[in-house]
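Here the structure comes first, spelled out in structure tokens, and everything after it is commentary.
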Amino acid sequence: MSWELFWVLGLLASAMLMFTLNRPRMDVVGLLMIAILPFTGTITIQEALAGFSDPNVVLIALLFVLGDGLVRTGVARRMGDWIYKTSSGSETKLLILLMLAVGFSGSFMSSTAVVAIFIPVVLRICQSNGMAPAKLMMPLSMAGLISGMMTLVATAPNLIVQGELIRQGEKGFSLFSVTPFGLICLALAVLYMLWAKRWLPEGHDADGSKRERPTFRQWIERYQLDERERRVRVRSDSILLKQRLEAFELREYGAHILAIERVDGRRRKLVRPSRATMLQADDVLLVDLRGDTDIEQFLEEMGLEALPLGATHRYLMDHTQDLGMIEAIVTAESRFIGHTVIQANIRLETGLTVIGLRRGQTVFANDMLDEPLRIGDTLLLTGFWEDIQVLSQDGSDLLPLALPRELSDVLPAHDRAFHALGILALVIILMLSGVIRNVHAVLIGCLLLGAFRCMDMKSAYQSINWKTLVLIVGMMPFSLALQRTGGVALAADLLANSFGDGSPRLVLGLLFLITAVIGMGISNTATAILMAPIALSVAQIMGLSPYPFAMAVGLGASCAFMTPVSSPVNTLVMGPGNYRFIDFVRLGVPFAILVLIVSVVLIPVLLPF
């Protein structure tokens with residue numbers, strides 16, 4: 001063993017120890033390795049930094065952006081809501097649908113991103129039917145990891161292995177080369193979790209603080225709002241047409257227009273009403289109407305036609321993506337003290353409409369608008385979320401008291417879901433066609449997301465997990481350093497000479513096992529970087545095709561079920577599921593062994609030696 005190899009292995013061991021201890025954080029370890037490796041004399045600083053321009057690293061960054069586009073537009077959340085409705089309260093059906101949805105959703109997204117999307121979905125489901133989140137969080141993480149086996153671009157280890165194949169002159173895998181293995185593993189995972197769910201802990205909701213936040217439903221009942229929302233259409237003979245709203249004293253009828261539904265091309269959008277707004281025929285008004293108002297007289301005089309409420313038949317609950325609520329307290333220095341809601345012109349000041357007034361435990365319903373405000377009065381206001389955010393950061397006249405739980409469900413671009421799906425379909429077609437490289441196809445997709453306003457540049461940069469990227473770039477120089485110092489050849493010779501005379505399946509299984517075991521202590525991405533060149537060298541020494549051995553490393557790296565530190569996917573669910581370290585070991589190790597057996601049997605069938 002040369003001194004250069006000794007130093008490189010020493011640095012590698014140091015990096016693995018720091019990964020295991022999680023001190024310092026992983027991206028800092030990567031930067032340390034970039035800075036120190038050139039001192040071994042095996043690589044230059046230019047080669048150490050080359051990973052930042054590697055197409056696979058750029059592709060991983062772009063996939064984070066593409067995945068976030070699906071988050072912001074609500075594609076994944078709609079799927080989660082569909083799962084809940086379809087399961088009809090059955091825990092078994094819910095588990096199956098959840099794992100299948102996550103497995104297939106992660107086919108073209110980062111597994112970390114797709115699990116992050118579904119965590120609030122699972123928590124919402126658990127809150128609705130009283131389940132412990134621990135019963136679904138482990139199946140969620142397992143399906144998320146298996147989603148990395150569904151397509152070539154689904155997870156970073158696949159792309160690392162692909163990059164190593166190309167660097168060594170091979171053509172590489174196609175987009176769906178890994179899919180048969182992923183489908184079988186996903187089916188096995190569903191069956192395994194149905195059998196093993198009895199060993200899932202009866203955890204309590206670790207997100208209890210969020211459950212304490214009020215909801216629209218609670219406020220509707222507390223402030224007696226159920227009968228006050230009206231949906232009305234502006235008739236062609238209405239006196240409201242072609243005049244500014246300020247010309248009409250609708251408050252005399254106890255009416256406040258909260259929003260206007262207006263046709264814009266092929267879709268309906270909500271418009272913020274103002275004193276200068278001019279109504280159009282067939283506009284649909286969302287109106288807050290005081291309970292003592294003569295509704296029939298109001299509709300007749302204004303030229304309006306009553307329409308049924310939305311699917312929920314509850315106050316504003318069909319419009320929570322656009323309209324919100326907030327509770328606020330009248331402060332001691334407030335200018336509104338002594339004035340009624342109308343006299344205070346709160347809507348003109350804040351853009352929000354007061355729909356509830358509470359003084360202690362007393363709720364003012366129909367006489368709310370005529371009651372002078374006092375210090376400490378609690379107001380319930382409604383309006384567009386943008387205005388609510390402004391009020392929540394002010395606090396001079398009205399001190400924000402509570403924001404509803406629905407705020408966490410608001411999507412920045414909820415009306416762009418079909419655009420995002422169309423862009424995703426285009427990216428997949430470009431990838432399958434082979435006309436351009438994968439990184440080029442995803443780059444085009446990301447630019448289209450911006451062009452169709454599914455996301456902006458700020459959110460795109462924020463969506464990228466820079467910590468993961470720096471880790472990958474920091475570990476990539478080890479592959480080159482180990483090759484130049486003979487470390488890869490030494491490990492490959494040792495493996496081939498020890499087991500090369502036996503069945504190639506045995507060597508395949510050992511590569512899978514070593515990859516999975518190393519991945520228990522460090523990230524699966526770093527594991528793939530280390531093991532991919534060794535696997536290809538073993539194949540070369542044995543005179544066999546490199547593809548089965550490369551696939552074994554890719555699948556082994558995705559088989560990170562056994563500890564919470566093996567993958568960010570496991571780390572994400574540990575808190576919400578209230579899991580312990582041993583929970584991952586107890587359920588992950590048996591399934592990893594099952595995947596190992598299936599892989600050793602199946603890989604040579606689909607990718608002959």
Side-chain angles (χ1 to χ4, degrees), residues 212-230 245 249-259 270 272-275 285-293 314-317 319-320 322-410:
E212 295 174 1
R213 292 174 64 179
T215 64
F216 273 27
R217 190 180 302 275
Q218 291 169 340
W219 278 340
I220 288 169
E221 294 171 356
R222 180 182 301 171
Y223 289 93
Q224 305 168 25
L225 303 177
D226 247 335
E227 303 299 323
R228 284 181 35 187
E229 184 190 3
R230 291 290 183 275
L245 283 179
E249 286 296 330
L250 297 180
R251 291 181 299 187
E252 293 180 359
Y253 294 90
H256 291 87
I257 299 177
L258 305 178
L270 281 188
R272 179 188 280 101
S274 69
R275 296 170 64 87
L285 312 181
L286 300 182
V287 181
D288 177 77
L289 207 58
R290 208 164 53 184
D292 58 353
T293 302
R314 303 300 299 270
Y315 192 93
L316 296 184
M317 287 183 63
H319 302 282
T320 55
D322 297 287
L323 300 174
M325 298 184 193
I326 183 173
E327 270 191 327
I329 296 176
V330 179
T331 64
E333 298 80 18
S334 176
R335 294 169 294 155
F336 304 148
I337 294 174
H339 299 285
T340 66
V341 170
I342 294 177
Q343 292 169 346
N345 278 325
I346 294 177
R347 179 162 183 168
L348 191 63
E349 294 274 346
T350 66
L352 302 174
T353 301
V354 178
I355 55 175
L357 169 61
R358 181 164 55 89
R359 185 171 295 152
Q361 297 301 315
T362 304
V363 174
F364 294 85
N366 295 333
D367 54 348
M368 172 191 69
L369 298 179
D370 303 320
E371 183 67 24
L373 298 177
R374 301 180 187 176
I375 298 172
D377 281 353
T378 301
L379 302 180
L380 181 66
L381 303 100
T382 186
F384 285 78
W385 286 113
E386 296 92 331
D387 297 324
I388 289 175
Q389 293 283 19
V390 172
L391 177 64
S392 66
Q393 297 167 9
D394 183 9
S396 54
D397 293 303
L398 297 173
L399 180 66
L401 176 64
L403 286 165
R405 194 185 305 162
E406 283 79 2
L407 176 60
S408 60
D409 294 333
V410 175

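Worth saying up front: this structure is predicted, and the values here are computed from it rather than measured.
Residues Leu348 and Arg275 meet the side-chain proximity criterion, which asks for heavy atoms closer than 4.5 Å. Taking the side chain as every heavy atom from C-beta outward, Ile388 and Leu403 approach each other to under 4.5 Å.
Here the CZ-OG1 distance, from Phe384 to Thr353, works out to 10.0 Å after rounding to the nearest 0.5 Å. Summarising the geometry, atom OG belonging to Ser334 is positioned 9.0 Å from atom NE2 belonging to His339; distances are rounded to the nearest 0.5 Å. For the atom pair CE (Met368) and CG (Asp377), the distance works out to 12.0 Å, reported to the nearest 0.5 Å. Taken to the nearest 0.5 Å, the CG atom of Asp322 stands 12.5 Å off from the CG atom of Leu258. If you take CG on Leu323 and CG on Leu270, they are separated by 5.5 Å, rounding to the nearest 0.5 Å. Between the CG atom in Leu381 and the CD1 atom in Ile326 there is a gap of 7.5 Å [rounded to 0.5 Å].
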(request) Show your reasoning for whether side-chain contact (heavy atoms from CB on, under 4.5 Å) applies to Leu398 and Ile329. (result) CA-CA 5 Å; Leu398 297 173; Ile329 296 176; over 6 Å; no

(request) Walk me through it: do Ile257 and Leu286 pass the test side-chain contact (heavy atoms from CB on, under 4.5 Å)? (result) CA-CA 6 Å; Ile257 299 177; Leu286 300 182; over 6 Å; no

(message) Run Thr382 and Leu352 through side-chain contact (heavy atoms from CB on, under 4.5 Å) and show every step you take.
(response) CA-CA 5 Å; Thr382 186; Leu352 302 174; over 6 Å; no

(request) Could you give me the CA-CA distance, side-chain angles and deciding distance for Ile337 and Ile375, then say whether side-chain contact (heavy atoms from CB on, under 4.5 Å) is met? (result) CA-CA 7 Å; Ile337 294 174; Ile375 298 172; 3.3 Å; yes

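Between the side chain of Thr331 and the backbone N or O of Leu399, no donor-acceptor pair lies under 3.5 Å. At distances below 3.5 Å, at least one donor-acceptor pair connects side-chain atoms of Thr350 with backbone N or O atoms of Ile346. In terms of modelled atom types and a separation under 3.5 Å, the side chain of Arg347 and the main chain of Ile342 share no donor-acceptor contact. Side-chain atoms of Gln343 come within 3.5 Å of backbone N or O of Thr340 as a donor-acceptor pair. Gln218 places a side-chain N or O within 3.5 Å of a backbone atom of Thr215 that can act as its donor or acceptor partner.
Annotation for Trp219 and Pro214: closest pair CZ2-CG, 3.4 Å, computed over non-hydrogen atoms. Closest approach of Leu245 and Pro273 over heavy atoms only: CD1-CB, 4.2 Å. Gly338 and Pro372 make their closest contact through O-CB, 4.0 Å (heavy atoms, listed as atom of the first residue, atom of the second, distance). Considering every non-hydrogen atom in both Ala255 and Val287, the closest pair reads CB-CG1, 3.9 Å. Smallest separation of non-hydrogen atoms from Leu380 and Tyr223: CD2-CD1, 3.5 Å. Taking each heavy atom of Pro404 and Phe216 in turn, the nearest pair found is CG-CE1, 3.6 Å.
Of the candidates Ile220, Leu289, Ile355, Ile355 is the only one forming a side chain to side chain contact (heavy atoms under 4.5 Å, CB included) with Arg228.
Not counting sequence neighbours, the partners of Glu349 by the side chain to side chain donor-acceptor pair (under 3.5 Å) test are Arg335. Remark: Arg358 engages Glu327 in a salt bridge (charged side-chain N to carboxylate O under 4.0 Å, His left out) (not counting sequence neighbours).
Applying the 6.0 Å contact sphere to CZ of Arg359 captures more than 12 heavy atoms from other residues, nucleotides or ligands.
Between Arg230 and Asp288, no side-chain nitrogen of the basic residue sits less than 4.0 Å from a carboxylate oxygen of the acidic one, so the salt-bridge criterion is not met.
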